[in-house]
Amino acid sequence: MSLTLHGIGVSKGIAIGKVHIIKHEPVEITEYCLPNYALEEEIARFENAIAMARQQLQHIRDKVPKDATVDIAVFIDAHLLMLEDSLLTRVPIDLMNEHQCNAEWALKMQCDSIVQIFDQMDDPYLSSRKNDIEQVVVRIQRILRGSPDTPESFETSSLVNTIILADDLSPADTALMQHHGVLAFATEYGGTTSHTAILARSLGIPAVVGLHRASPYIKSNDTVIVDGLQGVILVNPDIRSLRYYRMRQYEAKRYRAALTKIKNSPTITRDGMPITLQVNIEFPEDMETVERVGGKEIGLYRTEFLFMNRHSPPDEEEHFEVYSRVIRALKGDSVTIRTVDLGADKQVVDSHYHKSSVTNPALGLRAIRLCLKQPQLFKPQLRAILRASALGQVRMMIPMVCGLHEIIQVRLMLDEIRTELLHQSIKFDPQMPYGVMVEVPAIALCTDLIASHVDFLSLGTNDLIQYVLAIDRGDAAVNYLYDPLHPAVLRLIKMSIDAAKKAEKPISMCGEMASDTRYIRLLMGLGLRSFSVNPEAFLEIKQIINNSSIEGLAPLSNKILNTAYQAEISKILETINA
Ligand code: PEP
Ligand code: MG
């Protein structure tokens, strides 16, 4: 029987395929006693599970693409080594014999005691190794239980042409899955502007999040249809539904093909206002999509994905190499490299990068705060960006700035590095522009005070909205409050645009609001003339701009700033988009 489940559509498009389930939930372990005669068999079961875990990891290891952007191989090797260690392979067997208990319980006892020792260590690097132990143990426990994959254990080859159903996917999981032929994502948790949703949009993969308690109703290999626009998934659809959605898929394909006609045309309104339209990327590989849609400049390069799914941060050479690839692909056009924004939902394997507030990580040690606390993490990136500036048009952008003191600290670091590079006769652009994200309300409110200290600004609405409205952007439970049209949000945007203009500093928007076809005219009406959007939205946004006239947009847009009722706001927006 077919079943329809409703969630939040975060990346439009229709996908039809077989489900691949990924679980993060902890494996529940129960203890049971075994009679003497059953122990041998239980030990054999345990040894088989270890052998299978080894096989799984080896298999994944062999499949890691040579040019993988993240150091997955090192990550897997560390796990393989643990499977050779008697602490995990021999001691649980001794415990089984001693306590006459099942394999799962013996492994749990051993894992608990190892973790306890790690917890007592002062050395943050060593204590972070406990994550690896836990991951390896979870893998063995799942094999013992015959459970579905964890994100860490999936074989990328088995993901081709599947629809991923997960309780949740971190940006790191999504990064690991990228470019492996996944048709769509569906998760039980998550919000519209969570980084996972942004990645899905950027990869052009349909995605639905917030499908609460969907997993009991869906089995691996069920056929599902994902409608990323409506936020609906159909499980085991009937033939009529399949026909209908295949037709919609075909129409969408034709629409996208038609859009490519404007690929090489300029971005300019009907009444002659040129608009700057740039692209957001997360990986150097995204440059292929950028080229496909005719994008020229990169308005936001999120570099944090370079840090994910690996044990040690990238060194200066690796940063430099990756940035050089992007610059080469740009053939003279500019790239805005954003310094690393780790923290909150963007986590790395090793928590020693940042020890921050666990109750409210979005307000904790994130982005520039973390970088300034950990110069050993930040400096290699700054050096690499400066070196890369000798190869093309590079701008540097700082995320999560909340005050001038942070800008000054970064500037001092840059000055120091420039002097170092000069002494080492290493080339860089001494005029490399640097700017800030306007994503903390404090900076939006004080753009007039900040603007003269930077070369450019870019509005990060994903975070700005989260902080203005006090809602976690990744939390599906409060997603209904995530409202880009809230007058408080629009007033801040307007205030920041006006202040930047007055200070004669360029201001753009790289938050997802700019990639949303519903808001682009409104934003032009508020005075914005520069946008950076995800590659999949690029042509659609360009088409809207090219079909719009600036004239008449401002009075309507400004009207929303003074409108409290949502129904009225929707009406005004309808008129703007009519
Ligand atoms: C934003 O906050 O709008 C933004 C572009 O940054 P990120 O989504 O990476 O936090
Ligand atoms: Mg942000």
Side-chain angles (χ1 to χ4, degrees), residues 10-11 170-172 174-175 190-203 207 209 278-283 286 298-308 335-348 361-371 395-402 406 435-444 447 456-475 479 482-484 486 489-490 492-493 496-497 507-516 519-520 523 528 530-535 537-538 541:
V10 293
S11 178
S170 69
T174 320
T192 317
T193 52
S194 63
H195 287 97
T196 300
I198 293 173
L199 266 184
R201 281 197 286 278
S202 162
L203 297 169
V209 301
Q278 302 173 319
V279 193
N280 295 347
I281 60 165
E282 281 84 32
F283 305 95
D286 294 341
I298 304 303
L300 167 64
Y301 173 15
R302 291 182 168 97
T303 57
E304 45 276 10
F305 291 93
L306 195 56
F307 290 71
M308 291 181 189
V335 54
T336 303
I337 304 178
R338 187 176 74 178
T339 59
V340 58
D341 177 5
L342 283 173
D345 64 335
K346 285 186 279 198
Q347 295 293 342
V348 291
L363 302 181
L365 203 53
R366 192 192 145 182
I368 191 59
R369 302 168 183 189
L370 174 70
C371 288
R395 311 196 307 168
M396 188 183 103
M397 181 156 69
I398 318 167
M400 276 288 286
V401 167
C402 74
E406 288 161 328
V436 288
M437 299 273 302
V438 181
E439 53 184 349
V440 175
I443 291 297
T447 302
F456 64 93
L457 303 103
S458 186
L459 287 149
T461 46
N462 309 335
D463 278 312
L464 188 64
I465 298 169
Q466 135 164 291
Y467 295 127
V468 176
L469 302 181
I471 35 160
D472 186 335
R473 61 194 263 194
D475 185 349
N479 212 268
Y482 197 93
D483 181 11
H486 193 298
V489 173
L490 297 179
L492 279 180
I493 291 174
S496 195
I497 297 171
I507 184 162
S508 184
M509 176 180 287
C510 61
E512 288 292 295
M513 196 174 169
S515 297
D516 194 317
Y519 306 136
I520 198 75
L523 293 168
L528 213 48
S530 174
F531 305 92
S532 188
V533 301
N534 73 57
F538 184 83
I541 295 291

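Order of listing sets the numbers, starting from 1, for every ligand and every atom in it. All values derive from a computational prediction rather than experimental measurement.
- Listed by atom number, the atoms of ligand 1 under 4.0 Å from Arg302 heavy atoms are 4 (C), 5 (C), 6 (O), 7 (P), 8 (O), 9 (O).
- A donor-acceptor pair under 3.5 Å links the side-chain atoms of Arg369 to the main chain of Gly364, judged by distance alone.
- Side-chain contact between Ile198 and Arg473 is present, with heavy atoms from C-beta onward closer than 4.5 Å.
- Glu406 contributes no side-chain N or O that, together with a main-chain N or O of Val401, makes up a donor-acceptor pair within less than 3.5 Å.
- Contact between Met513 and ligand 1 is absent, with no heavy atom of the residue lying under 4.0 Å from the ligand.
- Its N, O or S atom nearest to the Mg ion (ligand 2) is what matters here, and for Glu439 that atom is OE1.
- Atom 7 (P) of ligand 1 has its closest protein heavy atom at His195 NE2, 3.2 Å.
- Among the atoms of Asp341, no N, O or S atom falls under 2.8 Å of the Mg ion (ligand 2).
- In terms of protein heavy-atom proximity, atom 6 (O) of ligand 1 is closest to Arg338 NH1, 2.9 Å.
- If you look at Glu512 next to ligand 1, there are no close heavy atoms at all, none under 4.0 Å.
- For the pair Ser496 (side chain) and Thr447 (backbone), a donor-acceptor distance under 3.5 Å is absent.
- Between atom 10 (O) of ligand 1 and the options Asn462, Ile465, Asp463, the minimum heavy-atom separation is to Asp463.
- Atom numbering of ligand 1 starts at 1 in the shown order; those under 4.0 Å from a heavy atom of Leu300 are 5 (C).
- Look at Arg366 and you'll find a heavy atom under 4.0 Å from some atom of ligand 1.
- At a heavy-atom cutoff of 4.0 Å, ligand 1 is contacted by no atom of Leu459, backbone or side chain.
- Using a distance-only test at 3.5 Å, with no hydrogens or angles considered, no donor-acceptor pair links the side chain of Thr336 to the main chain of Met396.
- Residue Gly511 has at least one heavy-atom neighbour below 4.0 Å for each of these atoms of ligand 1: 3 (O), 5 (C).
- In this structure, Gln466 falls outside the shell of residues with a heavy atom less than 4.0 angstrom from ligand 1.
- Looking only at side-chain heavy atoms (C-beta outward), Leu459 and Met513 stay at 4.5 Å or farther from each other.
- Less than 4.0 angstrom separates some heavy atom of Cys510 from each of these atoms of ligand 1: 5 (C).
- In terms of modelled atom types and a separation under 3.5 Å, the side chain of Ser508 and the main chain of Ser458 share no donor-acceptor contact.
- With a 4.0 Å heavy-atom cut-off, ligand 1 is reached by no atom of Glu282.
- When non-hydrogen atoms are compared, ligand 1 lies under 4.0 Å from the side chain of Ile198 (C-beta onward) but not from its backbone.
- At distances below 3.5 Å, at least one donor-acceptor pair connects side-chain atoms of Glu304 with backbone N or O atoms of Asp341.
- Taking each heavy atom of Thr339 and Pro399 in turn, the nearest pair found is OG1-CD, 3.1 Å.
- In terms of distance to the Mg ion (ligand 2), the nearest N, O or S atom of Asp463 is named OD2.
- Residue-level proximity to ligand 1 for Asp341 is carried by the side chain, the only part with a heavy atom below 4.0 angstrom.
- By heavy-atom distance, the residue among Glu439, Arg473, Met509 lying nearest atom 8 (O) of ligand 1 is Arg473.
- Between the Asn280 side chain and the Cys510 main chain, a donor and an acceptor come within less than 3.5 Å of each other.
- Under a 4.0 Å heavy-atom criterion, Met397 is not in contact with ligand 1.
- Residues Gly511 and Thr461 share a closest heavy-atom pair of CA-OG1, 3.3 Å.
- Using a distance-only test at 3.5 Å, with no hydrogens or angles considered, a donor-acceptor pair links the side chain of Tyr482 to the main chain of Asn462.
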